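See below for the structure under consideration.
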Amino acid sequence: MKNKTKDNYSIDFPFHNVVDFNFLQLHLKRKNWREYLKKENPAVAALLCKMDYNKEERKQVKKEFFRMLLKLELDEAKAEILTTFMDNYLKLPPEEEEAVIEDLEEELPEKEVEKLEKLMTSWERKGREEGKAEGKAEGEVNALKTVIINLANQKFGSIEGSTEEKINNISQKEKLEEVVNKIIKLDSEKELIKILETE
C-alpha cells in the first residue's frame, strides 16, 4: 500500500497552534494529458508537462501545448511565461524541438504559423536562427529574467529600476531558476532583493 500524500500543513508550539492548513490534492501524474486538450485554460496548457505521458508521447505533448496556446490568444508576456514553464519541465533534445516546430509549420495554416513564431520563447527563436548551443543557453537565461521581471511587476505592482537591474545582472541559469521557484511565496520587493543579493 502506498503512503498517503500529506494534505495538511501546521505550525505548533506547546502552548499555541499557529497554523493549521488543510488542502486538497491534485495528483497531476495520475492525469492523462489527452483528456485536457479541449480545456481553454492557460494553467491547464502549462500543466500538461506534469501529467502522465510516456517518452514516445513527449513530442506530441509539446505540439498540443502550442496548439492550445494558439487557441487561447494570450498576450506575449503571458504566453512567454507559459512557454518558459513548459520548456523547463519538458526538455526535449534540440533535434526533437526542431521536429516539433517543423511538424507544426507543415500542419498549421500560414496565419497560425506566424502566430506560432511569436509564441515561441526568445531563446527558441534565437536558437533556431543561430543553431548554436551557446545561443540557446543565453536565450534561456534571458527568458528566465523576463519571467522574473514580469512576475515581480504583477505581484508587487511595479518594481524599481534598480531591482530590475539586479535581475538582469544575474548570469547563472540555476540562480534565476531558484528565484522563479521562490518568487510566488514572497510578500514584498524587499524579500525579492534579498534573494537576488544572496550568493
Side-chain angles (χ1 to χ4, degrees), residues 9 11 26 28-29 41-51 58-59 61-62 65-66 68-70 72-101 115-199:
Y9 176 77
I11 299 176
L26 177 62
L28 289 171
K29 279 295 180 186
N41 184 313
V44 171
L47 292 174
L48 286 179
C49 63
K50 301 296 284 180
M51 293 184 186
R58 293 185 310 166
K59 280 171 57 180
V61 171
K62 199 77 175 270
F65 165 75
F66 279 115
M68 289 176 77
L69 280 194
L70 288 170
L72 289 167
E73 298 184 345
L74 302 173
D75 63 53
E76 192 173 335
K78 289 177 182 175
E80 186 160 1
I81 290 171
L82 295 183
T83 51
T84 302
F85 183 88
M86 171 63 74
D87 291 328
N88 280 333
Y89 288 98
L90 178 49
K91 295 182 184 291
L92 297 177
E95 62 275 10
E96 289 189 20
E97 287 282 4
E98 188 67 23
V100 166
I101 302 303
K115 290 180 185 177
L116 175 67
E117 291 292 334
K118 291 179 182 178
L119 285 177
M120 290 167 60
T121 57
S122 59
W123 69 263
E124 284 177 313
R125 289 194 295 267
K126 188 170 184 179
R128 294 189 77 211
E129 289 166 4
E130 297 181 358
K132 295 180 180 179
E134 58 267 27
K136 178 179 173 181
E138 182 183 343
E140 285 179 328
V141 166
N142 289 334
L144 285 167
K145 290 176 183 178
T146 301
V147 168
I148 293 168
I149 291 167
N150 287 339
L151 285 173
N153 280 323
Q154 288 178 22
K155 193 167 175 64
F156 310 127
S158 62
I159 59 174
E160 297 289 334
S162 57
T163 304
E164 189 168 331
E165 187 177 346
K166 288 179 190 295
I167 295 166
N168 284 321
N169 285 337
I170 298 172
S171 58
Q172 301 87 9
K173 181 184 170 187
E174 294 76 16
K175 176 66 176 179
L176 292 166
E177 288 175 337
E178 176 193 347
V179 176
V180 169
N181 288 330
K182 289 183 176 179
I183 196 169
I184 297 171
K185 300 176 184 176
L186 302 181
D187 294 319
S188 67
E189 183 176 348
K190 189 175 180 181
E191 291 179 352
L192 172 60
I193 292 169
K194 190 174 180 181
I195 290 173
L196 294 173
E197 292 177 344
T198 305
E199 292 295 331

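All values below were derived from every heavy atom in this structure, side-chain atoms included, with hydrogens, water molecules and symmetry-related copies excluded. Note that the structure is predicted; figures quoted are calculated from it, not measured.
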Subject >> Side-chain touch L176/V180, heavy atoms, less than 4.5 angstrom >> reply: no
Subject >> Closest non-hydrogen atom pair between L74 and A79, with its separation >> reply: CB-N, 4.3 Å
Original post:
Distance from E178 atom CD to L144 atom CG, nearest 0.5 Å?
Top reply: 12.5 Å
**OP:** Write down the atom of L70, the atom of L116, and the distance for their closest heavy-atom approach.
**Re:** CD2-N, 3.7 Å
Subject >> Which atom of L90 lies closest to which atom of K62, heavy atoms considered >> reply: O-NZ, 3.6 Å
**OP:** To the nearest 0.5 angstrom, please state how far the OG1 atom of T146 sits from the CG atom of N168.
**Re:** 8.0 Å
Subject >> Where K175 and I170 come nearest, the two heavy atoms and their spacing >> reply: CG-CG2, 3.7 Å
Original post:
Mind checking whether E177 and V141 have side chains closer than 4.5 Å, heavy atoms only?
Top reply: no
Original post:
Has K194 got more than 12 heavy atoms of other residues, nucleotides or ligands less than 6.0 Å from its NZ?
Top reply: no
Original post:
So which heavy atom on F85 is nearest to which on C49, and how close?
Top reply: CE2-SG, 3.7 Å
Original post:
Taking it one step at a time, do L192 and V179 satisfy side-chain contact (heavy atoms from CB on, under 4.5 Å)?
Top reply: CA-CA 8 Å; L192 172 60; V179 176; 3.8 Å; yes
Original post:
Does a salt bridge link E189 with K155, judged by any charged N lying under 4.0 Å from a carboxylate O?
Top reply: no
Subject >> Separation between CD1 of I193 and OG of S188, rounded to the nearest 0.5 Å >> reply: 8.0 Å
**OP:** Working to the nearest 0.5 Å, report the span between CZ of F156 and OG1 of T163.
**Re:** 9.5 Å
Subject >> Straight-line distance of I149 CD1 to I167 CD1, nearest 0.5 Å >> reply: 5.0 Å
Original post:
Salt bridge between K182 and E191, side-chain N to carboxylate O under 4.0 Å?
Top reply: no
Subject >> Electrostatic pair E96:K59 at N-O distance under 4.0 angstrom >> reply: no
Original post:
Are the side chains of E164 and K145 in touch, meaning some heavy atoms are under 4.5 Å apart?
Top reply: no
**OP:** Identify the two heavy atoms, one from L82 and one from L69, that lie closest to each other, and give their separation to 0.1 Å.
**Re:** CD1-CD2, 3.6 Å
Original post:
Mind checking whether E140 and T84 have side chains closer than 4.5 Å, heavy atoms only?
Top reply: no
Subject >> Gap separating the CD1 atom of I159 from the CD atom of E165, nearest 0.5 angstrom >> reply: 11.5 Å
Subject >> pair R58-V61: side-chain heavy atoms closer than 4.5 Å >> reply: no
**OP:** Measure the shortest side-chain to side-chain distance between M51 and L48 over non-hydrogen atoms and say whether it is less than 4.5 angstrom.
**Re:** yes
